[in-house]
Asker: 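Once you've had a glance at the structure underneath, I'll fire off some questions.
Excluded from the calculations below are hydrogen atoms, water molecules and symmetry mates; all remaining heavy atoms, backbone and side chain alike, are included.
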Amino acid sequence: MVYNTFVLFLLFFCFPIVGPLNSIFLALFMALGKLLYKGKSNLIFRWYKIPYTYLLIWGSIGITILCAVWSIWLGAKDFSLTTAYASVFIGIIITLVVTSSLNSAKLDVDVVEALIVDVFCVQAIISIGAFVSPKILEIVHHFQFAHDAEKAETSYNGFRGLAVSGRLYFEFAASCGLVTIIQFKRLSLARRASFIEYVKLFLIIICGFFAGRTSLVGVGFGFLYLVFCRTNIGGKFRFLARFTIITVGLIGIVVIILPPDTLMFLTDHVLPWVFDLFIKYTESGSTEGSHSFNTLNEMYEYVTITDQEWFIGSGYYMSPSGTGYYKSVDAGYLRQLLYWGVVGSAVSYLFTLLFFIKPYKLTKSINEKLFIFIILIYTYFTHYKGDLASTSRFYLDIILFLLLPYVVKNRKVTV
């Protein structure tokens, strides 16, 4: 299991290692080396027998080409979004190779969910260590892109950007939220969940605090799953009671063991930032005091969109000057709309649906269908904040790995 956790950590977090070498390519080299050594390289090609992965591969190729042609046709010749879709294609291929190399008798839902949760728990422990220890933080910075590490120090007082990751902010926070939903689902359906599984949920939520407030959305969707999943009411109340008791207990332990200076920084800076929206609403009955939330909403309210941009876009994803986003907008739905209008955006969101439709159709469990539906809605919901749904390799690699078992077990394919 050490190999599984390590290679997935490299795959999911795609952080810089040495020079141009990125961890996702190290994961690819390790997976290929293992498959070749064991004479199982044929496992990779079996994925092409599955319509689901075949469609994702060719769908990513098709949308990459369409994206490039679109910008050329409009005269913008901005290929930054094209590069993002090409990266998604690369992520799909490498995820399939890495998945083929995992040490597991079978690729089932329980195994995959447990692996994802464990990988993010490792990341949570690293983030907590970096928060309390400057020496650990210094080591962590070696595995981050320089501009991201600098931003963490200068803009967030050192309490964000604490992960060994190539993405430190929105995409990472959205992924923490996704994994929070996964662990909520595991605990909601478990007959006898161990104490350590609740600790894992606590760790993932804490990891999300250091990534961004978007991760809290995952907590909300996790509770939504708990409410609507088909399980007995008593089990749901037991989950809530245990989660509350263990969370309070763990918070108490943290308060006791943290140095006074660190605890003061946590209560004076980190928690007010994390819960800024709720605090502002409680104090004034309005969210207008939340600068980040209002800035996002103002983008949707005040951005100027021409008739052409509404229909076919401008072909610009980044500013023509080469600095910043087009029209200084980073909201997800707006960025897609401004690039290729309603027409192209529809194509983009249909591509995202390809990840979800087949797994949803193939599973017969009501609870599994609910889970897939909720993470789909969560994906489109968080896309309001930033361009996540169809262009984030960081996020979609996890989605693909998470949903593959639903297809594999119904197609009887050995991996």
Asker: Could you tell me if the side chain of Ser100 sits less than 4.5 Å from the side chain of Leu35, heavy atoms only?
Answerer: yes

Asker: Classify the ring geometry of Phe351 against Tyr85: parallel below 30°, tilted from 30° to 60°, perpendicular beyond 60°.
Answerer: perpendicular

Asker: Tell me if the aromatic rings of Phe239 and Phe184 count as close, with their centers under 6.0 Å from one another.
Answerer: yes

Asker: Would you say the ring centroid of Tyr380 lies under 6.0 angstrom from that of Tyr384?
Answerer: no

Asker: Decide salt bridge (Lys or Arg N to Asp or Glu O under 4.0 Å) for Lys327 and Glu309; before the verdict, give the C-alpha distance in whole Å, the side-chain angles of both, and the deciding distance to 0.1 Å.
Answerer: CA-CA 12 Å; Lys327 294 192 175 183; Glu309 287 170 344; 2.9 Å; yes

Asker: Does a donor on one side chain sit under 3.5 Å from an acceptor on the other, for Thr64 and Thr82?
Answerer: no

Asker: Test side chain to side chain contact (heavy atoms under 4.5 Å, CB included) on Arg230 and Ser365; report intermediate values, then the result.
Answerer: CA-CA 10 Å; Arg230 295 280 186 89; Ser365 166; over 6 Å; no

Asker: To check you understand the geometry: which heavy-atom pair defines the closest contact between Ile374 and Leu224, and what is its length?
Answerer: CD1-C, 4.2 Å

Asker: Would you indicate whether Lys361, at its atom NZ, is surrounded by more than 12 heavy atoms from other residues, nucleotides or ligands within a distance under 6.0 Å?
Answerer: no

Asker: Under the 6.0 Å and 45° cation-pi test, does Lys185 pair with Tyr225?
Answerer: no

Asker: Does NZ or CZ of Lys34 fall inside the cone over Tyr3's six-membered ring, less than 6.0 Å from its centre and within 45° of the axis?
Answerer: yes

Asker: Under 30°, 30 to 60°, or over 60°: which ring-plane class applies to Phe223 and Phe243, parallel, tilted or perpendicular?
Answerer: perpendicular

Asker: Could you check whether any side-chain heavy atom of Ile312 comes within less than 4.5 Å of a side-chain heavy atom of Trp73, counting everything from C-beta outward?
Answerer: yes

Asker: Given the side-chain rings of Tyr349 and Tyr333, with only the six-membered ring counted for Trp, is the space between their centroids under 6.0 Å?
Answerer: yes

Asker: Strictly under 6.0 Å, is that where the ring centroids of Tyr316 and Tyr339 end up?
Answerer: no

Asker: For a quick check under 3.5 Å, do Tyr395 and Thr379 share a side-chain donor-acceptor pair by atom type?
Answerer: yes

Asker: Would you say Leu201 and Thr247 make side-chain contact, with heavy atoms under 4.5 Å?
Answerer: no

Asker: I'd like to know if Asp118 and Lys200 make a salt bridge, using a cut-off of under 4.0 Å between side-chain N and carboxylate O.
Answerer: yes

Asker: Measure from NZ or CZ of Lys358 to the centre of the six-membered ring of Tyr52, then state whether that distance is under 6.0 Å and the direction lies within 45° of the axis.
Answerer: no

Asker: So do the side chains of Tyr325 and Leu338 get within less than 4.5 Å of each other, counting heavy atoms only?
Answerer: no

Asker: Evaluate the criterion ring pair (Phe, Tyr, Trp, His ring centres under 6.0 Å) for residue pair Phe221 and Phe381; output intermediate values, then yes/no.
Answerer: CA-CA 10 Å; Phe221 274 83; Phe381 186 88; 5.6 Å; yes

Asker: When the ring centroid of Phe13 is compared with that of Phe120, is the distance short of 6.0 Å?
Answerer: yes

Asker: For the residue pair Leu334 and Ile305, establish whether any side-chain heavy-atom pair is separated by less than 4.5 Å.
Answerer: yes

Asker: Is the shortest heavy-atom distance from the side chain of Phe172 to the side chain of Gln123 under 4.5 Å?
Answerer: yes

Asker: Is it true that Lys385 and Glu171 make a salt bridge, defined as a side-chain N closer than 4.0 Å to a carboxylate O?
Answerer: no

Asker: Could you verify whether a donor N or O on one side chain and an acceptor N or O on the other, from His141 and Gln144, lie under 3.5 Å apart?
Answerer: yes

Asker: Give the intermediate values and the outcome of side chain to side chain donor-acceptor pair (under 3.5 Å) for residues Thr382 and Thr214.
Answerer: CA-CA 7 Å; Thr382 51; Thr214 302; over 6 Å; no

Asker: Just do the side chain to side chain contact (heavy atoms under 4.5 Å, CB included) check on Phe15 and Leu10 with the steps written out, would you?
Answerer: CA-CA 7 Å; Phe15 52 90; Leu10 296 174; 3.7 Å; yes

Asker: Mind checking whether Tyr326 and Asp78 have side chains closer than 4.5 Å, heavy atoms only?
Answerer: no

Asker: Tell me which one of Leu404, Ile92, Thr99 satisfies side-chain contact (heavy atoms from CB on, under 4.5 Å) with Thr53.
Answerer: Leu404

Asker: When the ring planes of Tyr54 and Trp58 are compared, do they come out parallel, tilted or perpendicular, using 30° and 60° as the limits?
Answerer: tilted

Asker: So, do Val111 and Leu115 sit near enough that their side-chain heavy atoms are less than 4.5 Å apart?
Answerer: yes

